[in-house]
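When reading the values below, keep in mind they use all heavy atoms of this one structure, side chains included, and skip hydrogens, waters and symmetry mates. Small disclaimer: the values here were computed from a predicted structure and weren't measured.
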Amino acid sequence: MNELFDKLLIRVIFTIFLCSILYLYKYAHSFLYPQAKKQIFKRFYPSKNSADTIHLFARLIGIGIVFSEFYFFMAEGIIFALFDFFMASLLAFFLYLGSIYVIESIVLYNFEYHDEVLKRKNFSYAIICFAHSVGLAYLLKMILSISKETFKHVPIYIVLLWLFSMVVIGFASKFFPLISRLRFQKLLIQKNMGLSFSYLGFFLGLIIILSSSLNHKLLDIQAYSIEVFLKIILSLIILPIFKKGIPFIFKMQDDLELSSKPLTKKEKEEPEVGYGIYEGVIFFTSALLTTVITDHIAFGPF
């Protein structure tokens, strides 16, 4: 019985410690995003600005996803476990926020959080930021999982995997105009929700494919790199088949410019939300099915 109470007490201590680590997140966030420093330190009202609510809560979900990969190792005592967790969490904080900063600098270079969220209450911008926050958190969780299994969370290998992932995802994110028929810059200025859902499915699909490509043991850098590149190339071959096949099977018509009546100039420039959902869901589902082909076929002695 005493042992059960001791374990319960230790879990309570770790819970309080984890909450204090989350408190430090605000300072890490203000360090990388000085323009949002005033906003994150003042009292937050969820109903006051719904776009800001989506933006902030996406970051919180992301932090929760990243932290779900960490463990407290008690073999060398509680003090060492707390210190180990503290150092790992600091690295995760800066890699996660750095990931968001890099991707938003590439994708949203013409837009600012202060203008789009605080002034214009742009829901489309907030949902795109939601995609970045959740997707990059899942990718970082995968990187931490790979490093834990192979190198016991050695920071240098985590950073190397992170840098490689940022190069790939940053490069891939520039292909959205080739995948989607929606005009990103113009529709984002117009706060078009269809664009945000299309990009949400596109970016999360990229994350799923990249995470699947990275997900194997890193025993040799050269062999690992070749394996990752081969999986990415295989995904690029398989993905278009599903992307074309799903609409064909379910008789989905790409109706962006098709209508029984002439469209006004405004209607042509502002696609419906349903079209954005169509593009986003098709790409995301295709990415999920692609990982079945690239990862889930066990040939065995065949």
Inset, instruction - Look at the rings of Tyr278 and Tyr275 and say which category their plane angle falls in: under 30° parallel, 30 to 60° tilted, over 60° perpendicular. - result: tilted
Inset, instruction - Measure up the His55 and Tyr113 rings against each other and bin them: parallel (under 30°), tilted (30 to 60°), perpendicular (over 60°). - result: tilted
Please answer whether the main-chain N or O of [Y] pairs with a side-chain N or O of [X] as donor and acceptor at a distance below 3.5 Å.
X	Y	answer
Ser50	Pro46	no
Ser133	Cys129	yes
Asn192	Pro271	yes
Ser211	Ile208	no

Distance flag, aromatic centroids of [Y] and [X], threshold under 6.0 Å:
X	Y	answer
Phe67	Phe70	yes
Phe83	Phe80	no
Phe229	Phe164	yes

Inset, instruction - Count the heavy atoms of every other residue, nucleotide or ligand shown that sit under 6.0 Å from NZ of Lys141, and state whether that count exceeds 12. - result: yes
Inset, instruction - Determine whether more than 12 heavy atoms belonging to other residues, nucleotides or ligands lie under 6.0 Å from atom CZ of Phe184. - result: yes
Legend entry - Any donor-acceptor N or O pair under 3.5 Å, side chains Lys231, Ser212: no
Legend entry - Donor-acceptor side-chain pairing of Tyr45 and Asp52 below 3.5 angstrom: no
Inset, instruction - Decide yes or no for Gln190 and Leu195: does some side-chain heavy atom of the first lie under 4.5 Å from some side-chain heavy atom of the second? - result: no
Closest heavy-atom pair and its distance - [X], [Y]:
X	Y	value
Phe284	Gly201	CB-O, 3.7 Å
Thr290	Ser286	OG1-O, 2.6 Å
Tyr224	Ile146	OH-CD1, 3.8 Å

Inset, instruction - Any pair with a residue in residues 120-129 that passes salt bridge (charged side-chain N to carboxylate O under 4.0 Å, His left out), sequence neighbours left out, goes on the list, sorted by first then second residue, please. - result: Glu116-Arg120
